[in-house]
Amino acid sequence: MQTIAAVSLAGGQGKTTTCYFLAKMLAQAGKKVLAIDCDPQANLTFFLNHEVAPDRPTLLEVLKGTVSTEDGIYPTNDENLFLVPADSGLAKVTEYLSGSGTGALILQIRLQAVKELFDYVIIDVQPTRSQICLTAVGAADWVLIPAESATKGVNSLLDTQKFLAEQAQVMAFRGQILGIIPFRDRWVGRTQTLESRDNIAAMREFADDAPVLPTIRESEKFKQATRQGQLLSELGAKDLEYPFEKIIELLEDCKQLNQS
Ligand code: ATP
Ligand code: MG
């Protein structure tokens, strides 16, 4: 089982979008996938069309350990794709995590119980340095950093890299950065806008050893797909799936390297 978290410390950088398409496309390729919504905004839960019923366990109860991890996992409309959902109540877990002393390790510990059941765990992370974010990062073998192709995105990338380095220093992040994904890369016809070009160039400069992955193009199709619970290919926009195809290739390559 490989665990991948989408992390950025600013809002609106493409984390949920990345998790949604990556999880669905991995599942479509026949992998057993567990999506985990580590954000009380619960956008991923909503995109995967899951409605949290009153009194049914969510990530909150899984993290607290009041239910088994399996009891917090629900099927989705996609074969092979399962979800640990969230709702706004997830914010309450902060107290438990900060009081536990090992908050950053809790999600990793909870996932041990299901490691034989899934090939990939995809975690959508809240955009703040919260206890929820710490535990998500603590569970990750790989982090993807989506960053808007704008000044805000470059700043978010720098903050996120700094945060991950700090966490690595105290052994609370033991994974690696799989890559930086420039988000909302804007092209007019066959020409990339100057803003996108310059900001993606800045990302390359600041990337250190992390690869800058193929960009997510600015397009309304992504919103349309998430709203309708569909894949981009189902909307006739298979070309826009390229960044996620590349991530899947990278993950499969890493798996083979680990096994050999
Ligand atoms: P938050 O930090 O609030 O959780 P996020 O990092 O998860 O945000 P998303 O929700 O994935 O970011 O995307 C931010 C916004 O951009 C959303 O309103 C989404 O509909 C929109 N969006 C997604 N993909 C694209 C795209 N390719 N082009 C333009 N807009 C997009
Ligand atoms: Mg989000």
Side-chain angles (χ1 to χ4, degrees), residues 4-25 35-50 52 58-59 83-88 90-91 122-130 132-134 136-137 140 143-161 163-164 177-189 192-193 195-196 199-200 203 213-247:
I4 302 108
V7 183
S8 76
L9 291 183
Q13 301 297 304
K15 296 175 291 296
T16 307
T17 301
T18 298
C19 289
Y20 172 88
F21 289 106
L22 189 57
K24 277 178 87 87
M25 287 173 63
I36 302 185
D37 196 345
C38 269
D39 186 349
Q41 288 183 96
N43 289 334
L44 186 63
T45 299
F46 180 71
F47 286 168
L48 292 177
N49 204 22
H50 180 90
V52 174
T58 62
L59 180 62
L83 171 71
V84 181
D87 62 13
S88 59
L90 178 62
I122 308 289
I123 311 177
D124 185 23
V125 185
Q126 179 180 41
T128 53
R129 284 176 192 249
S130 61
I132 302 168
C133 174
L134 296 186
V137 166
V143 165
L144 287 165
I145 311 178
E148 203 185 338
S149 307
T151 313
K152 184 182 172 190
V154 175
N155 289 331
S156 165
L157 169 63
L158 292 171
D159 284 349
T160 307
Q161 284 171 311
F163 163 69
L164 292 171
I177 298 174
L178 186 65
I180 295 156
I181 314 169
F183 177 59
R184 300 184 68 167
D185 173 14
R186 206 150 75 82
W187 289 63
V188 181
Q192 189 178 30
T193 63
E195 189 190 21
S196 288
N199 285 297
I200 294 167
M203 290 180 201
L213 301 174
T215 67
I216 294 176
R217 292 289 186 100
E218 165 90 22
S219 161
E220 287 298 309
K221 292 265 185 208
F222 289 80
K223 270 184 237 180
Q224 204 184 330
T226 48
R227 208 170 38 228
Q228 298 173 3
Q230 287 185 304
L231 281 166
L232 290 156
S233 54
E234 290 170 298
L235 296 176
K238 179 140 184 55
D239 52 328
L240 294 176
E241 289 185 339
Y242 182 66
F244 311 108
E245 287 166 0
K246 283 314 270 189
I247 296 168

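Both counts, for ligands and for their atoms, begin at 1 and track the order of listing. Nothing here was measured: the structure is a model prediction, and the numbers come from that model. FYI, the numbering just counts along the sequence from 1.
Protein non-hydrogen atoms do reach within 4.0 Å of atom 25 (C) of ligand 1.
The structure places CD1 of I181 at 11.5 Å from CG of L157, a figure rounded to the nearest 0.5 Å. To the nearest 0.5 Å, atom CG of residue D239 and atom CZ of residue R217 are 8.5 Å apart. To the nearest 0.5 Å, atoms CD1 (I132) and CD1 (I123) are separated by 12.5 Å. How far CD1 of I36 is from OG1 of T58: 12.0 Å, rounded to the nearest 0.5 Å. Atom OG1 of T226 and atom CG of N49 lie 12.0 Å apart (nearest 0.5 Å). Atoms CG and OH, on L48 and Y20 in that order, are 7.0 Å from each other to the nearest 0.5 Å.
Interface of G11 with ligand 1, defined as ligand atoms under 4.0 Å from a residue heavy atom, comprises 2 (O). Taking every non-hydrogen atom of E218 and a distance limit under 4.0 Å, the qualifying atoms of ligand 1 come out as 28 (N), 29 (C). Counting atoms of ligand 1 from 1 in the listed order, those under 4.0 Å from a heavy atom of D39 are 4 (O). Near I216, meaning under 4.0 Å from any of its heavy atoms, are these atoms of ligand 1: 27 (N). In summary, the atoms of ligand 1 found under 4.0 Å from a heavy atom of R217, numbered by their order in the structure, are 26 (C), 27 (N), 28 (N).
The protein heavy atom nearest to atom 2 (O) of ligand 1 is K15 NZ, 2.8 Å. For atom 4 (O) of ligand 1, the nearest non-hydrogen atom of the protein is Q41 NE2, 3.3 Å. From the protein, the heavy atom lying nearest to atom 16 (O) of ligand 1 is F183 CZ, 3.7 Å. Of the protein's non-hydrogen atoms, the one nearest atom 10 (O) of ligand 1 is T16 CB, 4.0 Å. With hydrogens left out, the protein atom closest to atom 12 (O) of ligand 1 is G14 N, 3.0 Å, a heavy atom. For atom 1 (P) of ligand 1, the closest heavy atom belonging to the protein is G12 N, 3.5 Å. Annotation: atom 19 (C) of ligand 1 to nearest protein heavy atom, K223 CG, 4.0 Å. In terms of protein heavy-atom proximity, atom 9 (P) of ligand 1 is closest to T17 OG1, 3.6 Å.
A donor-acceptor contact under 3.5 angstrom links the side chains of D185 and T215, judged on distance only. Judged by distance alone, the side chains of S149 and N199 never bring a donor and an acceptor atom under 3.5 Å apart.
Contact check for I122 versus F21: no side-chain heavy atoms found under the 4.5 Å cut-off. Side-chain contact between E245 and K238 is present, with heavy atoms from C-beta onward closer than 4.5 Å.
More than 12 heavy atoms of other shown residues, nucleotides or ligands fall within 6.0 angstrom of atom CZ in F222. In this structure, Y242 places its OH atom where only 12 or fewer heavy-atom neighbours from other residues, nucleotides or ligands lie under 6.0 Å away.
Of all protein N/O/S atoms, those under 2.8 Å from the Mg ion (ligand 2) are T16 OG1, and waters are not counted.
Under a 4.0 angstrom heavy-atom cut-off, S8 registers as lying outside contact with ligand 1. Ligand 1 lies out of reach of Y20, whose nearest heavy atom is not under 4.0 Å from it.
When only interatomic distances are considered, the shortest N/O to N/O separation between D124 and ligand 1 does not fall below 3.5 Å.
Heavy atoms of L240 found under 4.0 angstrom from ligand 1: none, in either backbone or side chain. The residue T18 has no part lying near ligand 1, judged by heavy-atom distances below 4.0 Å. Counting heavy atoms closer than 4.0 Å to ligand 1, residue P127 contributes side-chain atoms (C-beta onward) but none from N, CA, C or O. Residue contacts with ligand 1, taken as heavy atom pairs separated by less than 4.0 Å, involve R184 solely via side-chain atoms from C-beta onward.
One N or O on the side chain of S196 and one on the backbone of R186 form a donor-acceptor pair closer than 3.5 Å. For S8 (side chain) and A10 (main-chain N/O), a donor-acceptor pair under 3.5 Å exists by modelled atom type. K152 contributes no side-chain N or O that, together with a main-chain N or O of Q13, makes up a donor-acceptor pair within less than 3.5 Å.
Under the 4.0 Å criterion applied to side-chain N and carboxylate O atoms, E195 and R184 are not assigned as salt-bridge partners.
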